[in-house]
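One structure is given here, and the rest of the page talks about it.
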Amino acid sequence: MKVVKFGGSSLSTASQVKKVYNIVVSDPERKAVVVSAPGKRFEEDLKITDLLIECGERALNTREYGDIAAAVILRYKQIAKELLLSDSIGEEISQNILGLLKGNKNNPHKYLESIKASGEDNHARLIAAYFQSQGHNASYMNPRTAGLIVSNEPGNAQVLPQSYERLSKLREHEGIIIFPGFFGYNTEGEVMTFSRSGSDITGAILANGMGADIYENFTDVDAVYAVNPSIITHPKEIRELTYREMRELSYAGFSVFHDEALVPAFRAAIPVHIRNTNNPEAEGTLVVSSRDNKNGPVIGIASDNGFCRIYISKYLMNREIGFGRKLLQILERHGVSYEHIPSGIDDVTLILRQDQIGRNDEDMIISEIKNELRADEVKIERDLALVMIVGEGMRQNVGTAARASQALADASINIEMINQGSSEVSMMFGVHGNDEKKAVGALYRAFF
Ligand code: ASP
C-alpha cells in the first residue's frame with residue numbers, strides 16, 4: 001500500500017490535476033493521496049497559501065483584501081471549470097473562503113490558521129470531486145475525522161502520538177482517500193498548521209499511521225540532485241540516500257523534501273520515493289534506512305548562508321567550570337538559538353543564524369559576555385556561509401578532508417571554520433558569504 005503526496009506545483013492547474021489523477025489510478029496500491037494547495041503555475045506566479053496569508057493579514061489590519069480573495073477564488077473556479085466540474089464546487093469554495101475571512105478575529109492566530117489551511121482543504125474537496133467525476137470511488141477526508149491531532153503551536157504544529165493509532169483505521173477505508181496536507185487539529189478541535197511546505201509532513205504521518213510500504217512524494221524535479229542546480233548546471237542525480245544524509249543535506253538548503261517529514265517515515269522505516277509529476281517515468285530518488293556505500297565518500301554538497309559567529313576568548317577557559325552554561329544562558333535570555341559550537345583551549349565560537357540578532361542586540365550580547373564571563377576578547381562577524389559535504393561513505397574513506405580542503409585552497413577560498421567529528425556523515429566548512437558558490441563549485445568538481 002502506498003501513501004502519495006503531491007506538491008503545489010503538481011496541482012496548480014487543471015492539466016496538472018489530470019496528471020495527478022492518471023498517476024494515482026495507474027497503480028491500485030495508491031490508497032491515500034495527500035494534496036497541497038495550488039502552487040505556482042510559472043516562476044513569477046504566487047502560491048495560493050501566500051495569497052491567503054496576505055488576505056488574512058490585511059483583514060486583521062482592517063485593510064482591503066477583496067481583490068486578492070477574488071483572485072484566490074478565481075484560481076479554484078478556473079481549475080474546476082477546466083475539469084468540467086459542476087459550478088457548485090467553485091461556489092462552495094468561494095463561500096468557505098469569504099466566510100473564514102469574515103470570521104471572528106479575537107484570536108488572530110486562530111483566525112489566520114483556518115485561513116492558511118483552507119488552501120489545502122478546499123483543494124482536497126475539489127480533487128475528490130474530480131476523481132468521483134471520473135467514476136472513481138474517492139472521498140475527501142477531514143484530518144479531524146481521521147484523527148490527526150497536533151500540538152497547540154500555530155504555524156509549527158507537531159503531531160501528537162495518539163494520532164497514529166487513529167490513522168491506522170484508515171487502512172479499512174473503502175476507495176481512495178484524498179487528504180488535505182499542511183494541518184491537523186489541536187485537542188480543542190481548532191485548526192493548527194505545520195511549518196511552511198508542511199504537506200510533506202502530513203504525508204509522512206499518514207504513511208506511518210497507515211503502515212504504508214512506501215511514501216511517494218511527487219514534486220517537480222526528476223530527482224534529488226547532488227548539488228543545487230542553480231549553482232551547477234545538470235548536476236548528478238542521487239538514486240538512493242539515507243535518512244541521515246537527507247537530513248544533513250536539507251539542513252543546509254536542500255528543499256526538495258521537508259526535514260521534519262523525515263521523522264515519521266524514519267521511525268517506521270518507510271522508504272520515501274521522491275518523484276516527478278511531470279515525468280513519472282524518471283527513476284526519482286529513494287530515501288532509505290541504509291544503503292551500499294559504492295558511490296565514494298560524498299553523496300551530496302549543500303550550502304546555506306546568513307550565519308554569523310561570536311568569537312570568545314579567555315585565558316584558561318578550559319579549566320573554568322560553568323563557562324559554557326553561563327555563555328548559553330546569555331543567549332537564552334535573548335531568545336537566540338545556536339547552530340554549532342566549535343571550541344579550542346582558550347576560545348569558543350558560536351555559530352548562529354544572524355537574522356536572530358539585530359544590531360542593538362549584538363552590542364548587548366557582546367557586553368554581557370564580556371562582563372559576566374570576564375572574557376578577554378569577544379567579537380561578532382557576520383555573513384558567514386556553511387558549506388557541507390555529506391555521505392555515509394565518509395567513515396570508511398581516507399583523505400576526504402584533505403581532498404575537500406585542497407579543492408578550497410585551489411580555488412583561493414579561505415576556510416574560516418571546519419566542523420567534523422560530531423556528525424559521522426558530514427563535514428562542514430565555514431567560508432565568507434561571498435565565497436559560497438565558488439566553494440560549492442570547487443567541492444563538486446573535486447568529488448564528482
Ligand atoms: N501550501 C503550504 C505552503 O505553501 C504547504 C505545502 O505546500 O506543503 O507552505
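Start at 1 and go down the list; that is how both ligands and their atoms are numbered.
- Protein residues having a heavy atom under 4.0 Å from any atom of ligand 1 are Ser36, Lys47, Thr49, Glu120, Phe182, Arg196, Ser197, Gly198, Ser199, listed by chain and number.
- Sorted by first and then second residue, the ring-ring contact (aromatic ring centres under 6.0 Å, His included) pairs with a member in residues 427-448 read Tyr444-Phe448; sequence neighbours excluded.
- The stretch residues 3-22 participates, sequence neighbours left out, in these ring-ring contact (aromatic ring centres under 6.0 Å, His included) pairs: Phe6-Phe218, Tyr21-Tyr130, Tyr21-Phe131, Tyr21-His136.
- Between Tyr76 and His123, the distance separating the two ring centers is shorter than 6.0 angstrom.
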Considering only distance and modelled atom types, tabulate donor-acceptor pairs under 3.5 Å from the side chains of residues 144-151, sequence neighbours left out.
from, atom 1, to, atom 2, distance (Å)
Arg144, NH1, Gly189, O, 3.1
Ser151, OG, Glu153, OE2, 2.7
Ser151, OG, Gln158, N, 2.9

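- Arg353 has a carboxylate O that lies under 4.0 Å from a charged side-chain N of Asp304, or vice versa, which qualifies the two as a salt bridge.
- Look at Asp383 and Arg309 and you find no salt bridge, because none of the NZ, NE, NH1 or NH2 atoms lies under 4.0 Å from a carboxylate O.
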